[in-house]
Number of protein chains: 2
Amino acid sequence: MNDPAGRFTLRQLSCFVAACEGGGIGAAANRLHLAQATVSGAIADLERTLGVQLLVRGRRRAATPSPAGRELLAQASDVLAAAARLDERSSALRGEVSGELPVGCLVTLAPAVAPAVCRAFEARWPRATVTLVPAHQGELLARLREGTIAVAITYDLGLNPAVEFSPLAPAPPYALIPAGHRLAAAGSAELAELATDPFLLLDLPLSRNYFLGLFRAAALEPIVARRVADPELLRSLVAWGYGYTLANALPGPERAVDGTPLRALPLRGGPAPPRVGLARRAGLEPTRTATAFAEACTDALATRWGQA
Amino acid sequence: MNDPAGRFTLRQLSCFVAACEGGGIGAAANRLHLAQATVSGAIADLERTLGVQLLVRGRRRAATPSPAGRELLAQASDVLAAAARLDERSSALRGEVSGELPVGCLVTLAPAVAPAVCRAFEARWPRATVTLVPAHQGELLARLREGTIAVAITYDLGLNPAVEFSPLAPAPPYALIPAGHRLAAAGSAELAELATDPFLLLDLPLSRNYFLGLFRAAALEPIVARRVADPELLRSLVAWGYGYTLANALPGPERAVDGTPLRALPLRGGPAPPRVGLARRAGLEPTRTATAFAEACTDALATRWGQA
DNA sequence: CAACTATCATCGGAAAAGACGATGAACGAC
DNA sequence: GTCGTTCATCGTCTTTTCCGATGATAGTTG
């Protein structure tokens, strides 16, 4: 790249355009709040670096653009207009809630919370749009670090000190059991009551470790009958009696996708439940838009999730 | 206008873009042939003036754009791209023959010479186009002065020292007489032989003074029968026997537009004939395109006009 | 024709910004 | 813990920018 920066400056272009449009160098100097000598020199420098005579200097009459200057005037105005757009957009980023906000969301959490949250945010701030990036925890953290997403909706599990976490709601684990299970009538269960059943493990990076960790914490050994990476398939398998499984987040309807009924039982005991919340890059002060999104999440989850 | 110039510089934008695309601040410094401290400071300044954090600094990892920075990166690139276009266009103006060239032409001269000259020029330089501005001498001079036209095709009459004139061809005056005139068989004429006939004056700003001046120089008094501003109408009037007239430039076909015949007689004696040529603003060095146009004029008029 | 006015260029000094090298701090890898 | 990488900060030097004053020029006016 033969860099145009370093050859001429925005100030020079500004002087040139002002002199063309404002009727002379002196007039431009007034408008730009500069000395006449400054504007004169800036344009002379610009002419030298571009190698083109831009202005026709009349001694008596104000300077006017030369034919070549007239042509370059349009291009110079383009540069200044682009600079003005950048300036405008930056103050918008600083001040208003608008534009595109890239938001990451843990895949297992996305269907339950992303639509409601995005809807609430975009309804409140119509000039902003959310670009949703569903990913697993590792990718979310990488993207937060590299700036591809401004914020991530996820659990406070497996985080590192480079991200800051603001909890929104606790997500206590549930057990999912077939409708005809011996505990189906109970209001809740303990992990020990289930451990003798075949266990269907949600085999995703974060879930895998978390759920197995629950058994370890209770000094139990689950009978892992199957490892399944798809949450909906898992629900179906439970409904059809292949075993039980554990899940966080919203328990969902008490039917699998094919209509077969199942039951969700809150788990008693165990360690403190994980929390759903917003993860941001530590040390990166959020834009106004990102802050507004965080507020919208608080509101949306308080009403939707709070009583679940 | 809240001037964007003065708030940030092209150099700062260049550093920012290079850091985003080049994988870190140090790498950008190498690419831009600047010290790492310079690039770091430039980006920090830009962040301060824009009020937006642009980069996520990893101590170990290279700095990457933040979400907001990613958005502004596009705008910054636009500014630099526009600046690059300006730079490119200016070197093109300096070096190659292209773009639009505004050319003035005296109205009375335009039909005879403009098409041939423009055709020759545009055939030789296909990337350039001529915008023809037909006007009277006064407007041509004003436009040369104010830069609306780069060059004018006109006579060396009524010029002022602010324009530089390059003659292309002499344009000796002709007398136009009806086909049945008593001098129709002569090969040429003197003004005195015609002065007793009714004179039809081409009543245009420049012509008026020039033709009456010819009589004054010969100490003759023409019988001004009519003043007409349209050259073609004048030829018709001559052809129909209303009198004689004088003209420069090419004599044209020996018929008026309606087919009535007339004759053109070179004038003997009189002062040195005016010349057709190119007028340019004095002290304004021509662009490469304007120079090429001048050459095309020389070529075209040498072949077309030379033997007339 | 001479004084006047409007316009721009040039000059020299003062202030600000830019650029550099060296140093220091943070983070990850070994 | 130590090393290597990456970036920020500091002090200094150079360059640029900016200004007011002065000079030059051309059209206008008396």
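Naming: A, B, ... by sequence-line order, numbering from 1 per chain.
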Can you tell me the distance, in whole Å, between the CG atom of B:L54 and the P atom of D:dC7?
-> 15 Å

Quick one: list whatever passes salt bridge (Lys or Arg N to Asp or Glu O under 4.0 Å) with A:R57, sequence neighbours left out.
-> A:E47

Considering residues at least two apart in sequence or located in another chain, which fulfil the salt bridge (Lys or Arg N to Asp or Glu O under 4.0 Å) criterion with B:R70?
-> none

Roughly, in whole Å, what's the span from CG in B:L13 to P in C:dG18?
-> 12 Å

Nucleotide nearest B:T9 when distance is taken to its side chain, options C:dG18, C:dA19, D:dC19 | C:dG18

Results of salt bridge (Lys or Arg N to Asp or Glu O under 4.0 Å) for B:D203 - residues two or more places apart only | B:R208, B:R227

Atom CZ of B:R48 to atom C1' of C:dG18: distance rounded to whole Å?
-> 14 Å

State, with a plain yes or no, whether a side-chain heavy atom of A:L93 is found less than 4.5 Å away from one of B:L72.
-> yes

Going by atom type alone, with no hydrogens or angles, which donor-acceptor pairs under 3.5 Å involve a side-chain atom of residues 76-84 of chain A and a protein atom two or more places apart or on another chain?
unit_1 : atom_1 : unit_2 : atom_2 : d
A:S77  : OG     : A:L73  : O      : 3.0

Whole-Å distance separating the CG atom of A:L10 from the P atom of C:dG18 | 12 Å

Mind calculating the distance between CG (B:D45) and C1' (D:dT9) to the nearest angstrom?
-> 13 Å

Roughly how many Å is it from CZ in B:R7 to P in D:dT17, rounded to a whole number?
-> 19 Å

Do any side-chain nitrogens or oxygens of A:T38 fall under 4.0 Å of OP1 or OP2 in D:dC19?
-> yes

Of all pairs that satisfy salt bridge (charged side-chain N to carboxylate O under 4.0 Å, His left out), the ones with a partner from residues 130-144 of chain A, not counting sequence neighbours = A:E139-A:R143

Are any non-hydrogen side-chain atoms of A:Q12 and A:I43 less than 4.5 angstrom apart?
-> no

Which atom pairs link the protein and nucleotides 8-11 of chain C when you take only N or O atoms and keep those under 3.5 Å?
unit_1 : atom_1 : unit_2 : atom_2 : d
C:dC8  : OP1    : A:I25  : N      : 3.0
C:dC8  : OP1    : A:A63  : N      : 2.8
C:dC8  : OP2    : A:I25  : N      : 3.3
C:dC8  : OP2    : A:G26  : N      : 2.9
C:dA9  : OP1    : A:R57  : NE     : 2.4
C:dA9  : OP1    : A:R57  : NH2    : 3.1
C:dA9  : OP2    : A:S40  : OG     : 2.3
C:dA9  : N7     : A:Q36  : NE2    : 3.2
C:dA9  : N6     : A:Q36  : OE1    : 3.3

Report the residues that fulfil salt bridge (Lys or Arg N to Asp or Glu O under 4.0 Å) with B:E164, sequence neighbours left out, ordered by chain and then residue number.
-> B:R280

How long is the line joining CG of A:N160 and P of C:dC27, in whole Å?
-> 11 Å

Partners meeting ring-ring contact (aromatic ring centres under 6.0 Å, His included) with B:F293 (sequence neighbours left out) | B:F121

Check the interface with nucleotides 11-16 of chain D: list each N/O to N/O pair with the protein under 3.5 Å, or write none.
none

Take atom CZ of B:R11 and atom C1' of D:dT17, then tell me their distance rounded to the nearest Å.
-> 15 Å

